[in-house]
Structure formats: structure tokens, C-alpha cells
2 protein chains.
Amino acid sequence: MAADGFELSAFLPYRLNRAAEFVALRFAAQYKARYQLTRPEWRTLAALGSTSRPMTATEVGAHSAMHKTKVSRAVAALEKRRWLTRREDAGDRRIEHLELTKTGIRAYGELTELAARYQAELDTLIGPAGMQALAVGLDAVERAIGRFELPPSA
Amino acid sequence: MAADGFELSAFLPYRLNRAAEFVALRFAAQYKARYQLTRPEWRTLAALGSTSRPMTATEVGAHSAMHKTKVSRAVAALEKRRWLTRREDAGDRRIEHLELTKTGIRAYGELTELAARYQAELDTLIGPAGMQALAVGLDAVERAIGRFELPPSA
DNA sequence: AATCGATAGTTACGATTGCAACTAATATGC
DNA sequence: GCATATTAGTTGCAATCGTAACTATCGATT
């Protein structure tokens with residue numbers, strides 16, 4: 001109806017979500033088929049694999065915009081697979097430092113190969129100009145996110 | 001560990017998802033609180049409200065990247081609220097043309113006011129350069145999506 | 001016109017999710 | 001130093017979701 005001046009096709013949450021959903025689903029199909037990994041599990045693995053130092057569950061959640069219960073369950077699943085270990089903080093016993101095991105690091109390495117191939121495919125599909133613009137735009141969003149107060153259910 | 005050259009922070013599915021999640025959650029909190037609308041319901045309402053002609057459930061799904069069962073349930077919920085009506089296609093009785101009722105249109109109008117305000121807030125937070133870059137980048141993604149074969153679970 | 005395959009949409013059911021409440025530990029105010 | 005608030009992480013439970021199977025219809029083949 002577009003009675004007022006609102007244009008859904010220009011509404012950022014709508015556009016971002018649509019793009020994210022399409023792009024993520026195709027990749028999810030790959031790691032799901034080969035590794036029986038769920039999306040929260042992959043994201044947790046990726047967050048931990050991408051830095052060389054351990055992270056807490058809270059950090060993983062902030063890093064990948066996941067609810068803490070999702071993280072909690074993903075961590076439990078990855079631990080059961082022996083892809084990560086928990087280590088209690090010496091000073092603060094509420095905190096657990098999460099670290100990938102050798103097996104977990106190897107899995108992360110294999111997954112990132114898939115990811116790199118997928119990224120190359122996206123580069124081709126989207127083109128250098130589009131990717132460049134996205135990088136700039138997403139950087140701006142990142143900076144804005146930093147100024148958000150996080151919603152209760154992140 | 002970043003053993004290989006892979007950089008998660010540059011991986012498009014990861015970046016897009018993170019941005020989309022943050023941006024969408026804050027808006028969802030608003031329409032959820034005021035209208036008790038779920039995300040699929042809002043998206044269905046938005047899809048139908050944004051064009052002046054009726055759409056089928058399949059079109060709604062393609063339009064907003066939702067699984068058909070999600071659309072089916074959202075349609076049922078909106079119908080129960082009397083925000084939309086179904087009309088059977090004359091030539092093909094499998095197809096239902098979905099249309100907003102007067103009440104539905106009014107609700108859409110109110111929601112788009114919220115949306116417009118939120119978009120303005122985002123404009124400020126992200127800045128004109130960032131928004132412009134995002135628009136260009138997301139356009140490129142849209143064109144690429146057009147060349148995707150849609151994944152089975154869209 | 002009977003059969004086979006494809007498509008639109010729904011639904012049963014198991015899996016996943018998020019909210020709220022919980023445990024356990026730390027930080028803060030008095 | 002004790003009560004209270006806050007934070008990290010987990011879990012019970014109800015709601016939501018996606019897969020697969022289903023109904024109903026249409027199109028194509030023969």
C-alpha cells in the first residue's frame with residue numbers, strides 16, 4: 001500500500017536480514033552436511049578459532065551476537081565432541097576460559113577451508129565493487145553497534 | 001588460531017549475520033512489545049503492505065527469505081487477527097491471494113511509522129557514508145541472490 | 001482420460017529456541 | 001562484615017522452528 005513514504009525495500013533491518021539469511025543458509029548447508037554442526041556450534045567454534053587466546057562464553061556471545069543459552073548449549077556440545085576444553089579462572093570462579101583442543105583446531109582449519117572457498121564464490125558473485133562497499137558499510141555498522149546498549153536477548 | 005590465512009572478521013556470512021542480528025533485534029523488541037507480533041508475522045505483514053497488489057504465500061516467502069511453514073503459520077495468525085484475508089485463485093485452486101484488510105493496512109501504517117523512526121535512528125548512528133556504502137553493497141548482494149539457486153530451506 | 005510428476009500450502013512431530021528462574025560466585029554499599 | 005545487587009553460566013518449560021510427510025490441485029505424457 002505504501003500509503004506513507006515508507007519504503008520497505010530500503011529498510012535496513014529488512015535488507016540486512018534478507019542478505020544475511022541467503023548468504024548464511026548456503027554455507028550452513030555445507031558444514032551441516034559434512035560435520036553435523038549446528039549454526040551456534042559453528043559460530044562458537046569460529047569465534048574460538050579466530051583468536052589465539054581463550055575466550056569466555058560471554059565473550060563468544062558478544063562476538064557472534066548469540067543468546068547466552070545458545071552459547072551454553074553449543075559449548076556443551078563442542079565439549080562433548082572434545083573440540084574444546086573449559087578452564088576455570090583462577091581469580092573468579094564464575095568464569096570459564098574456553099579453548100579449542102588439537103582436534104578442535106584441526107576441525108576449525110578444515111571448516112575455514114570451506115569458508116574460504118565460499119567467500120571466493122561470493123566474491124565472484126558479488127563483484128569487487130560490491131564487496132568493497134559492503135566492507136565499508138559493515139564497518140560503519142560495527143562502529144554503531146559499539147554504541148548500542150545491547151538488547152537483553154542478544 | 002588463524003593458522004591459515006582465513007580471517008573470520010572478514011567472512012561475509014559472519015559479518016552480515018552479526019549486523020543483521022543486532023539491527024533486527026532492537027526493532028523486534030519494539031513491535032513485539034506494542035503489537036505482540038512475532039518476527040515472521042511482522043515480515044509477512046510488511047511484505048503484503050509494501051505492495052498494492054495481493055501476493056501468494058510463496059511470494060511472501062521468496063520476498064523475505066522465510067521458510068514456507070513459517071509463512072503458513074504467520075498467515076494463519078494474521079488471518080485470525082483479521083489483518084489479512086485469503087482469496088482463492090479462480091484459475092488455480094492451489095493458490096491463495098493474500099491481501100491486507102483495512103485493519104491490517106492501518107496496523108501496517110502504524111508499524112511503518114515505528115520503522116521509519118528506527119531507520120532515522122540508524123541513519124544517525126551509522127552515518128550517511130556508511131548507509132550509502134551499505135546500499136551499494138546490498139544491491140550487489142541482491143543481484144547475486146537472483147543468480148542463486150535458492151537453498152531448499154529458505 | 002489415466003498416470004506421473006510438480007507445485008501450493010498445511011500439519012504432525014522431534015529438535016531447537018528463548019524466557020524466566022535458578023545456582024554459584026563476586027562486587028558494592030552501609 | 002553483612003546484606004544486597006550483579007554477573008557467569010545452566011536448566012526447566014513453553015513456544016517456535018524445520019523436516020518430512022501429507023492433501024489437494026494442476027500440467028504434461030502417452
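Below, read A as the first sequence line, B as the second, and so on, with proteins coming before strands; counting in each chain starts at 1.
Atom CG in B/L25 sits roughly 14 Å away from atom P in C/dT17 (whole-Å rounding). When the C1' atom of D/dA15 is taken as reference, atom CD of B/E41 falls 12 Å away, rounded to whole Å. The CZ atom of B/R43 sits 15 Å away from the P atom of D/dT16 (whole-angstrom rounding). Atom CE of B/M66 and atom C1' of D/dT16 are 14 Å apart (whole Å). Rounded to whole Å, atom C1' of D/dG27 lies 10 Å from atom CG of B/D92. Atoms CZ (B/R39) and C1' (C/dT16) sit 15 Å apart, rounded to a whole Å. Atom pair B/E88:CD and D/dT25:P shows a separation of 8 Å (rounding to whole Å applied). One atom, CD of A/E59, and another, P of D/dA8, lie 10 Å apart when rounded to the nearest Å.
Closest to the side chain of B/T58, from the set C/dG9, D/dG9, C/dT17, is C/dG9. Side-chain proximity of A/I95 to D/dT10, D/dT25, D/dG9: nearest is D/dG9. Here the side chain of A/R93 is nearest to one of C/dA25, D/dA20, D/dC26, namely C/dA25. In the set D/dT11, C/dC13, C/dA25, the nucleotide with an atom closest to the side chain of A/R73 is D/dT11. Checking C/dC19, D/dT19, C/dG9 against the side-chain heavy atoms of B/T69 singles out D/dT19 as nearest. In this structure, the nucleotide among C/dT16, C/dC13, D/dT25 sitting nearest to the side chain of A/T38 is C/dT16. For B/R94, the listed nucleotide lying nearest its side chain is C/dA8; candidates were D/dT19, D/dT11, C/dA8.
Taking side-chain N and O atoms only, A/H67 has a distance below 4.0 Å to OP1 or OP2 of C/dC19. Remark: A/R86 is in phosphate contact with D/dT10, judged by side-chain N or O atoms under 4.0 Å from OP1 or OP2. Side-chain nitrogen and oxygen atoms of B/K68 include none within less than 4.0 Å of the OP1 or OP2 phosphate oxygen of C/dT10. Phosphate contact (OP1/OP2 of C/dG18, side-chain N/O of B/K32, threshold under 4.0 Å): absent. The shortest distance between the side-chain N/O atoms of B/S72 and the OP1/OP2 oxygens of C/dG9 is not below 4.0 Å.
In this pair, A/Y108 and A/W42 present their aromatic rings parallel. The plane angle is below 30°, not in the 30 to 60° band. Ring geometry for A/Y118 versus A/F27: interplanar angle under 30°, hence parallel rather than tilted (30 to 60°).
Along DNA chain C, the nucleotide closest to A/G91 and the one closest to A/K70 are compared, and the more 5′ of them pairs with A/K70.
Atoms CG and NZ, on B/L37 and B/K32 in that order, are 11.0 Å from each other to the nearest 0.5 Å.
Shown here for B/Y31 and B/L111, the closest heavy-atom pair between the two residues is CB-CD1, 3.5 Å. Here the shortest heavy-atom pairing between A/A28 and A/R39 reads CB-CD, 4.4 Å.
Under a 4.0 Å N-O distance rule, the pair B/R34/B/E110 does not qualify as a salt bridge.
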